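First the proteins, then the strands, lettered A, B, ... as listed; each starts at 1. Computed from a predicted structure; not experimentally measured. Keep in mind that the numbers below use all heavy atoms, side chains included, and drop hydrogens, waters and symmetry copies.
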Amino acid sequence: MKECLARVVDNSPLCDTMFQLTLRCDGLFEDGAEAGQFVNIAVNNPSLPLRRPISIYAIDRQKREIRLAVQAKGEGTLALLRSKKGDELSLLGALGNAFSWFVPNNAKRVFLVGGGVGVAPVRCAFDELSAKYDCSLFAGYRNVGLVYGLDGIEKERVFAVSDDGSFGEKALVTKPLGEQIEKNKPDVILACGPAPMLRAVSDLSEKHGIACAVSLEQRMGCGLGACLVCSCKVKAKTPEGYAYRRVCADGPIFDAREVIF
Amino acid sequence: MKECLARVVDNSPLCDTMFQLTLRCDGLFEDGAEAGQFVNIAVNNPSLPLRRPISIYAIDRQKREIRLAVQAKGEGTLALLRSKKGDELSLLGALGNAFSWFVPNNAKRVFLVGGGVGVAPVRCAFDELSAKYDCSLFAGYRNVGLVYGLDGIEKERVFAVSDDGSFGEKALVTKPLGEQIEKNKPDVILACGPAPMLRAVSDLSEKHGIACAVSLEQRMGCGLGACLVCSCKVKAKTPEGYAYRRVCADGPIFDAREVIF
Amino acid sequence: MPKLGVEICGVKFKNPVIAASGTFGFGREFDALYDISVLGGISVKGLTLQKRLGNPPPRIAETKSGILNSVGLQNPGVDAFINEDLPWLKQKDLVVIANIAGSTVEDYVKMAEKLAPTAVDMLEMNISCPNVKESGVAFGVKPEKIFEVTKAVCGAARQPVIVKLSPNAADIAENARAAEEAGAQALSLINTLTGMVVDVYRKRPVLFNNFGGMSGAAVRPIALRMVYQAAHAVKIPVIGMGGITSGEDAAAFMLCGARAVMVGTQNFSDPMAMPKIVSELHRYLEKTGVVDVNDIVDALVMN
Amino acid sequence: MPKLGVEICGVKFKNPVIAASGTFGFGREFDALYDISVLGGISVKGLTLQKRLGNPPPRIAETKSGILNSVGLQNPGVDAFINEDLPWLKQKDLVVIANIAGSTVEDYVKMAEKLAPTAVDMLEMNISCPNVKESGVAFGVKPEKIFEVTKAVCGAARQPVIVKLSPNAADIAENARAAEEAGAQALSLINTLTGMVVDVYRKRPVLFNNFGGMSGAAVRPIALRMVYQAAHAVKIPVIGMGGITSGEDAAAFMLCGARAVMVGTQNFSDPMAMPKIVSELHRYLEKTGVVDVNDIVDALVMN
Ligand SMILES: Cc1cc2nc3c(=O)[nH]c(=O)nc-3n(C[C@H](O)[C@H](O)[C@H](O)COP(=O)(O)OP(=O)(O)OC[C@H]3O[C@@H](n4cnc5c(N)ncnc54)[C@H](O)[C@@H]3O)c2cc1C
Ligand SMILES: Cc1cc2nc3c(=O)[nH]c(=O)nc-3n(C[C@H](O)[C@H](O)[C@H](O)COP(=O)(O)OP(=O)(O)OC[C@H]3O[C@@H](n4cnc5c(N)ncnc54)[C@H](O)[C@@H]3O)c2cc1C
Ligand SMILES: Cc1cc2nc3c(=O)[nH]c(=O)nc-3n(C[C@H](O)[C@H](O)[C@H](O)COP(=O)(O)O)c2cc1C
Ligand SMILES: Cc1cc2nc3c(=O)[nH]c(=O)nc-3n(C[C@H](O)[C@H](O)[C@H](O)COP(=O)(O)O)c2cc1C
Ligand code: FES
Ligand code: FES
């Protein structure tokens, strides 16, 4: 983990609201980068003091490149959207824990579940874990215009749905997930997406006794674990029955059984 | 005068610390732009709320282009320095009065005096006024590395010196100015540069009974005359013996006899 | 088509966007760029009883996302305003607020008396200008002083009196209540925050006056907090300002309890700012399905 | 080679750049990026007598050139700090300042007593944290309260006591003098300014705690003004902070009278900020021909 300069290799649209940044960043690879980790990226807007946490969407260790899948949401991501080939961006990374930490050595089958923007890190995990495990990707989108992250995967390994039926079945992602759990119970479920989705995936996993890890989001300050602003509530044997953990340094991936949604 | 978008046609170095921006800006030409006027330009740095006042260095009415000669000084001009061909910049202009307002109709000979960055507006005036008057340009620079604004002028019309003798004579600009006044007394002297230079030019003009106008600088807010922050001291029949005038709207060019340096 | 009209102390504004005092002169200069009748109102450059020359330059310094000024209340005096600027302004279709500042209670009262028979729609008492040592500071900080000067002016004024509060206060709610108890019909806030910018190479403050009043986007969170606190401490209407740059910023102040807003520094960054803010506010209401801008006033839900 | 060493209350700092409390944890995380021994000192995350969980998230909001936080003093408690973090920190070569916050005078005193026998170099009393309703606010705003709590802590402390002042005050000089009279050996300022950021689409404050403490470049002019006023109101040394992002910013605070500076929010924008600020300060001294950083302290020439 370090602060290093990345050079924009490519910036291109990914779907209606998202774009893909390809970044060459040698420094990042000195300590390694893994699926599930994120980078804290300084946007080129001097009035915005905070970096933006963005998950790693793809890793090319040979070219020393990573790709990010970014939703243009507010001013910070808008500044990123405007970055052009050749521009320099300061990255802090790779930060946080990796999905692989939650996959037991003896695991065989891994289900990866993503919702919307949350598809990015699980697609990365799909690419990284497929060599070792039997992986399937479950993805839920609002509508067909927001679909990304499915290219180049064998059809039988992808289960994609949409809220309005404009892409795949009209369903929540937990529907195909539940169906496949019945058919081919996995050893681990790894998920990233909006809180209601994560809660539903967590419930489903618990019901079937499957280990499940979820990747959480929170507004961040330092990204390093020092400022304690990025807290998420976890079960704890405190008088209050809970404690706060740091999404940036203790996560972003947590054992679903620990999280208080 | 209006707010309008300009497109960067070219950005290139002018001398050691200065660069030249060529801007295409149709809007600016709807109400006209003249030598001595300035534009208030929004720099592309969202943390800097104030526009930067920059004199017009050259006017191409056919192409609807202006050129600015800008010294890279602080953060604002640095942001301008980074602007690339094709970028859009918001201009407010043309603002203030013009040198031509100070040239009486019956004038024949006009001496234009610039110091350092202040050469820009007087070079523009040289180009604009030469058709009507017999113009000479006097320019003083710190050293040879800071020379600009003299290209394409007949040699006998240029009197350039430098503080250290690395370009032309080692002298202050008032030296050749004084010499030429003795030889060919002009009807009007128009000057822009640092305050000590303006004071010296003003004294020289007064001594020889020559009308003189000086272009002043002051930190600005609105650039329009509304906020009263850009004041300069002028002689006035107030109890205090002075009053404040607005550099942006009453100037930037003032009759040298009125100014309290 | 959401409705933008608001009413404060019986005075009708076609929309809640008002030019902040000191940043918009008497309206003429900006009227060269757009018809200022598109605005809800204007609070004119701070007036004093006698003409004032103001402070020596530099009077403005830039800082990150903000500015500091030390104009020192340069103005032609209240009589010149009434004779030379007001007639022009009243041809325009917007609410005219006379912003007044005095060195003594008597100054304020005399100005209120002079303005009473005029076509000015409202008075705004600047009791907080930090630039003029003998004026603002004393009145604006302590609740007793705020009470005293407000009471005197309300006695003399014919038009509704707005008291403009200083943010250089430990307890803004206390000051707001002091003004209300003294008879103020409305409050406006915030005026500028006292600050300093240093030129480390010259080893001097940038402003000739050393200290100046800070404004612009940088102060917005402080302004929003204070507007919320003031609006929830009094029953009279509150006009919010401090760093408004967009229609969404204006909405934030109204959600916090402001019935209208004023825009200052942003006029420098973008001379077309206020007409843009009016239309952005309109669009915000459309996007959020609000039919009347008054419906967002004090609509903030606390966590 | 200009000298960067400074001395405050007999404690030697190798340079005047200190990590501001709450932004740097106990130093471990940043030490993974660079050896924190390059810094003059560290003021550790605010400690309370008992472990505290802090406020629910979101605890941070961004604004133009600044941030607001409402961490609510999450910390492991003073005992855990002494046992688990201090030994690690003391292996490093920098001044260790324990930042303490309490809900009562007794809390502060007990913490000072617990820290007395430890290797901590200095105490910094956070009497101004605006996030925890039952702690900071009462002590930090009124001079009487500042006097009371400072006096009690100075009686119990073995190490030099720094009182950290809140900027949410009408008269910072008065508060500075109250701390000095009560026996404070140094002052630090500013803590955060209370503010609010609103999400106009959710119609709610962004922070779960609604209000938060503002910091970052946006507050710098206010901080500089207050540091100047405090430093000129007392004889004890002052440590300046609030929006420092560069060596030149650090110099500005020292020119205004600060003997050292603390850096907070900029650590988030740039995790390498503090080592950079140390070298930029060095370069500033070289450029301006100053041989000892102490020579710029209070060297500002007023206009
Ligand atoms: C570990 C992690 C991984 C993420 N990965 C991705 C990704 O791969 N692709 C992607 O598009 N987005 C991702 N996000 C969300 C992304 O960080 C936010 O969308 C982004 O910060 C918004 O910035 P903005 O300036 O556009 O929006 P604004 O709303 O203007 O941002 C204001 C502030 O809030 C913070 N903020 C706003 N939304 C979020 C959020 N959801 N999570 C954390 N901080 C937020 C911003 O960082 C900023 O500090 C991730 C978030 C986290 C915590
Ligand atoms: C009428 C007029 C015409 C000018 N013409 C030119 C020109 O043709 N070429 C050129 O290089 N410069 C010109 N200047 C000066 C130019 O405006 C400043 O150098 C520039 O604003 C500095 O901005 P900065 O961000 O680089 O510096 P900073 O020092 O970081 O600026 C900080 C603030 O101070 C203001 N400021 C700083 N120096 C000056 C100054 N000398 N005059 C006015 N405001 C200042 C800036 O606008 C900004 O608001 C002119 C100034 C005026 C008033
Ligand atoms: C240059 C300038 C001059 C000002 N003059 C006055 C004034 O005369 N009277 C007054 O009440 N406020 C004055 N103010 C304060 C503004 O009206 C407003 O309260 C403040 O700037 C905050 O709003 P903003 O952040 O939108 O600028 C002035 C502000 C600026 C920037
Ligand atoms: C996330 C965060 C947490 C903070 N926690 C503390 C604290 O525990 N104790 C304290 O005295 N100050 C605390 N502060 C205030 C800082 O120490 C400092 O006074 C303030 O941020 C101004 O400096 P800056 O602008 O450089 O950040 C905190 C600030 C931030 C941003
Ligand atoms: S962002 Fe600072 S601890 Fe997580
Ligand atoms: S800059 Fe506003 S009056 Fe000149």
Side-chain angles (χ1 to χ4, degrees), chain B residues 1-5 27 31 39-53 73-77 79 90-93 95-96 195 216-234 236 238-251 260, chain C residues 19-34 36 42 44-46 50-76 199 206-208 212 215-218 243 245 264-273 276:
Chain B
M1 182 255 299
K2 56 170 50 178
E3 193 246 323
C4 48
L5 280 183
D31 304 319
V39 294
N40 218 3
I41 189 162
V43 299
N44 282 331
N45 176 330
S47 72
L48 303 180
L50 294 178
R51 290 166 177 258
R52 269 43 182 176
K73 190 184 162 194
E75 274 190 284
T77 47
S90 161
L91 293 189
L92 180 61
L95 302 174
L216 302 180
E217 289 192 1
Q218 192 46 268
R219 290 177 181 244
M220 291 187 181
C222 67
L224 292 168
C227 74
L228 310 183
V229 309
C230 62
S231 42
C232 67
K233 229 180 203 174
V234 297
T238 57
E240 296 85 356
Y242 66 88
Y244 288 116
R245 306 276 304 274
R246 302 164 301 178
V247 169
C248 72
D250 303 319
I260 304 178
Chain C
S21 176
T23 62
F24 212 72
F26 301 113
R28 286 183 211 261
E29 292 81 10
F30 280 89
D31 196 66
L33 288 178
Y34 61 87
I36 62 169
I42 173 178
V44 302
K45 173 67 206 164
Q50 309 297 335
K51 173 189 169 91
R52 277 182 66 97
L53 296 184
N55 292 323
R59 292 178 174 183
I60 191 167
E62 194 178 37
T63 184
K64 286 294 147 94
S65 301
I67 64 168
L68 283 84
N69 88 84
S70 58
V71 171
L73 285 177
Q74 175 176 346
N75 81 97
D199 182 330
V206 170
L207 295 174
F208 182 88
S215 60
T245 65
T265 305
Q266 185 64 13
N267 291 307
F268 302 170
S269 307
D270 178 1
M272 302 303 290
K276 270 187 211 160

Top contributor to chain B contacts, counting heavy-atom pairs under 4.5 Å, from [options]:
options	answer
C/P56, C/A218, C/G264	C/P56
C/P57, C/A61, C/G25	C/P57
C/K45, C/E62, C/K51	C/E62
C/A32, C/G27, C/G66	C/G66

request  = Begin with the C-alpha distance, continue with both residues' side-chain angles, and end with the deciding distance and a verdict on side-chain contact (heavy atoms from CB on, under 4.5 Å) for B/K2 and B/L91.
outcome  = CA-CA 8 Å; B/K2 56 170 50 178; B/L91 293 189; over 6 Å; no
Presence of salt bridge, B/R246 and C/E29, under 4.0 angstrom = yes
Choice from B/P49, B/A243, B/C227 maximising heavy atom contacts with chain C below 4.5 Å = B/P49
Is there a side-chain contact between [X] and [Y] in this structure, where contact means two heavy atoms from C-beta onward sitting under 4.5 Å apart?
X	Y	value
C/Y34	C/M272	yes
B/Y244	B/C232	no
B/V247	B/E217	no

note = So, the part of B/Q218 with a heavy atom under 4.5 Å from chain C: the answer is side chain
Interface moiety of B/L50 toward chain C, non-hydrogen atoms closer than 4.5 Å = both
message = Which heavy atom of B/R51 sits nearest to which heavy atom of C/D270, and what is that distance?
response = NH2-CA, 4.2 Å
inquiry  = If I compare all heavy atoms of C/S215 with all of C/T265, which pair ends up nearest, and what's the gap?
reply    = OG-OG1, 2.7 Å
query = Relative to chain B, which segment of C/L33 carries a heavy atom at a distance below 4.5 Å: side chain, backbone, both, or neither?
reply = side chain
message = Between C/T245 and chain B, with a heavy-atom cut-off of 4.5 Å, which part of the residue counts as in contact: side chain, backbone, both or neither?
response = neither
